[in-house]
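One structure is given here, and the rest of the page talks about it.
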Amino acid sequence: METVYSFLLSQSLRRFSVLRFHSAVAAALEYQHQHHPLSNPNSTAPNAHQEKTIISLTKSCTHKTQLLQLQTHLLRNFHFYNPTVFLSFLSRIAFPPLHDLSYSYKIFCQFPAPNVLLYNTMIRAHSLRNDVAKNGVLLYQEMLHSGISPNALTSMYATKCCIKFGSLFSGIQIHARILKDGHQSDSLLLTTLMDFYSSMEKGSEAHKVFDEISHRDTVAWNVLISCFMRNRRTRDILGLFDAMRNSNECQPDEVTCLFVLQACANLNALEFGERVHKYIEEHDFHNMRNVCNSLIVMYSRCGCVEKAYDVFKGMVNRDVVTWSAMISGLASNGYGRDAIEAFKEMQRAGIVPDDQTFTGVLSACSHSGLVNEGGMFFKAMKRDFGVVPNIHHYGCMVDILGRAGLVDEAYDLVISMPIKPDAAMWRTLLGACRIHRHVILGERVIEHLIELKAQEAGDYVLLLNIYSSVGNWEKVIEVRKLMKDKGIQTTPASSTIELKGRVHEFVADDVFHPRKKEIYDKLDEINQQLRIAGYVVEITSELHNVEENSKQYALSYHSEKLAIAFGVLATPPGTTIRVAKDLRIFVDCHNFAKILSAVYNRKVVIRDRNRFHHFQDGFCSCNDYW
DNA sequence: ATAGGGTTAG
């Protein structure tokens, strides 16, 4: 018995780990209990036939009890510590479905001289779960301490542990070790390393690693694209798609298309989205349901719901995601009634709606001012479909009531609902207060936002607009002073327009665009034309920048106006002008677009933070402003 | 001689 102890203890000391020391003691005691004399572990290696049998036996075990029995048997025959057998056994325990990490660690500690293979197995098993990923990193460090050199797989598994654990420092250490060990030419390892930097929001580091990969395949490109997606570098993704197509190493696959379509949806880049659609058809990805669902979303988010519907019609197997995407697309583009029809048709098709379907249905009601229907669906979703309203559903209801002028009812709903309201909820209500010039409630909502410590410049601007809309200039001055004292800065709004697959971005009084002179001249010309048609700049009701006075406001060039002017300038007559704005559209610009659509005979589609505004022949599809 | 890399479909 002394031998057992001293052997295991010396092992554990040599391998530098207090944890391991305790495990080793426990293990030694267990063997004492089993009356098992541990002699030289490898004294009787199984022959080739035995080994094969043992491994297949190990693989056939589905429960831990079976494996325990097998372990006892193998120990008795001195076969357990055969490296191959032990590895097979450990893998079985450490990976799903059993995935018993504490037990696998226990038996791992019992192995006299773990090699790199065993460590890899252990580290990989730890990289699969968030809660133990940290131990994977520790195992890696322990391995280095005991003088075993890692191979490319070790570094990869350890990197994955760092991703799960979220440790930038450990990951950088691994990166250094990769370079030291000369594994920097392993493209699969570097792909994982890219993903690591990406998940740590170190985009430029990820890009550097990408540049160092000698043979970049589709996966490497996709990881870079997902990195740009995370870091909101959406516009660069379009460039990457082209670069990928022009490279002779690899071509975009359906995963690439999913990313790029999402980028197009965010950027309002319809032309580019259509090109991706063409690519999808050329490569037979259009039979994939997730790709089609993404196409529906892309077309809807680009204000082109007809094309979204074309894709929808062409699909054979529509699931709940397909229907929900279509319903939301119809809703956000102002086709509330059609969205509700689609919902009914979905039920006829036997597809069961879920929570996100109802978000779409309720937003249809809010976008089309269907107050009664909204209330009806809100009641029915829980009663008839067992979908418990979440914060988005309550948000829609607040929006429906608020827009309809029932701001007090909306407030009561927020107060009485079983979910804690978030900042977005209060902002919805604040927006309703602004539309209906509800000063008292507006002040109260601001208090709630301050309480949440979530108030933004935009919230104060809304409050300012509420005060100015009722002519309370004293309060306007007061809020402006408050904002100045608090040092609250308004972020400049930006508008984008796509032209020949390129996205152009404008801020108010933009000076960056290469064709700015032409654009400003065009905008002046448009303003002149629109004034003849009765367009008056609305000064009093909309203030967007605390620094500005009314005179400057009247003369300022809003980002959406610049984008529209660029559209008029650079596209042939009759072309639809599609603009996306990251904040709410201004009332003044809304009027501007409305009159422009008649005077210049152009359809104008503006997507702002909340919804689409389709302008045609002097009218707008939305019911916000009139 | 190891279950080498990446996915947001609403």
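Source: prediction; values computed, not measured. Values below: all heavy atoms of this structure, side chains included; hydrogens, waters and symmetry mates excluded.
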The nucleotide from dG5(B), dG6(B), dG10(B) with an atom nearest the side chain of Val255(A) is dG6(B)
Between Asp399(A) (side chain only) and Gly395(A) (backbone N and O only), is there a donor and an acceptor less than 3.5 Å apart?
no
In terms of side-chain heavy atoms, does Glu142(A) have a donor or acceptor partner in Ser146(A) at a distance below 3.5 Å?
no
Checking dA9(B), dG6(B), dG4(B) against the side chain of Val321(A) (C-beta onward), the nearest is dA9(B)
Taking the side chain of Thr192(A) as heavy atoms from C-beta outward, which of dA9(B), dG10(B), dG5(B) is closest to it?
dG5(B)
Using a strict cut-off of less than 4.0 Å between a Lys/Arg side-chain nitrogen and an Asp/Glu carboxylate oxygen, indicate whether Glu498(A) and Arg235(A) qualify as a salt bridge.
no
Considering only side-chain heavy atoms of Asp354(A), which listed nucleotide, dT8(B), dG10(B), dG5(B), is closest?
dG10(B)
d(NE2, His286(A); P, dA9(B)) in whole Å
21 Å
So which nucleotide from dT2(B), dG10(B), dG6(B) ends up closest to the side chain of Tyr157(A)?
dT2(B)
Quick one: label Arg289(A) by what it contacts on the DNA or RNA (base, sugar-phosphate, nothing), any heavy atom closer than 4.0 Å.
base
So what does Val223(A) touch, heavy atoms closer than 4.0 Å: a base, only the sugar-phosphate, or nothing?
sugar-phosphate
Classify Asn120(A) by what it touches in the nucleic acid, base, sugar-phosphate, or nothing, heavy-atom distance under 4.0 Å.
base
Only one of Tyr394(A), Phe358(A), Phe385(A) forms a ring pair (Phe, Tyr, Trp, His ring centres under 6.0 Å) with Phe378(A), so which one is it?
Tyr394(A)
Identify whether any heavy atom of Asp186(A) sits under 4.0 Å from a base atom; if not, whether one sits that close to sugar-phosphate; answer base, sugar-phosphate or nothing.
base
Just checking Val320(A): base, sugar-phosphate only, or nothing, at a heavy-atom cut-off of under 4.0 Å?
base
Of the candidates dG5(B), dG10(B), dT7(B), the side chain of Gln356(A) sits closest to dG10(B)
Using 0.5 Å steps for rounding, measure from the OG atom of Ser199(A) to the CE atom of Met194(A).
11.5 Å
Under-3.5 Å donor-acceptor pair between Asn290(A) side chain and dT8(B) base
no
Just checking Ser91(A): base, sugar-phosphate only, or nothing, at a heavy-atom cut-off of under 4.0 Å?
base
If you check every side-chain atom of Phe95(A), which of dG5(B), dG10(B), dA3(B) has the closest atom?
dA3(B)
Minimum-distance nucleotide to Gln262(A) side chain [options: dT8(B), dA1(B), dG10(B)]:
dT8(B)
Remember a base hit wins even if backbone is also touched, and classify Thr357(A) as base, sugar-phosphate or nothing at under 4.0 Å, heavy atoms.
base
How would you label the contact of Asp355(A) with the nucleic acid (heavy atoms, under 4.0 Å): base, sugar-phosphate, or nothing?
nothing
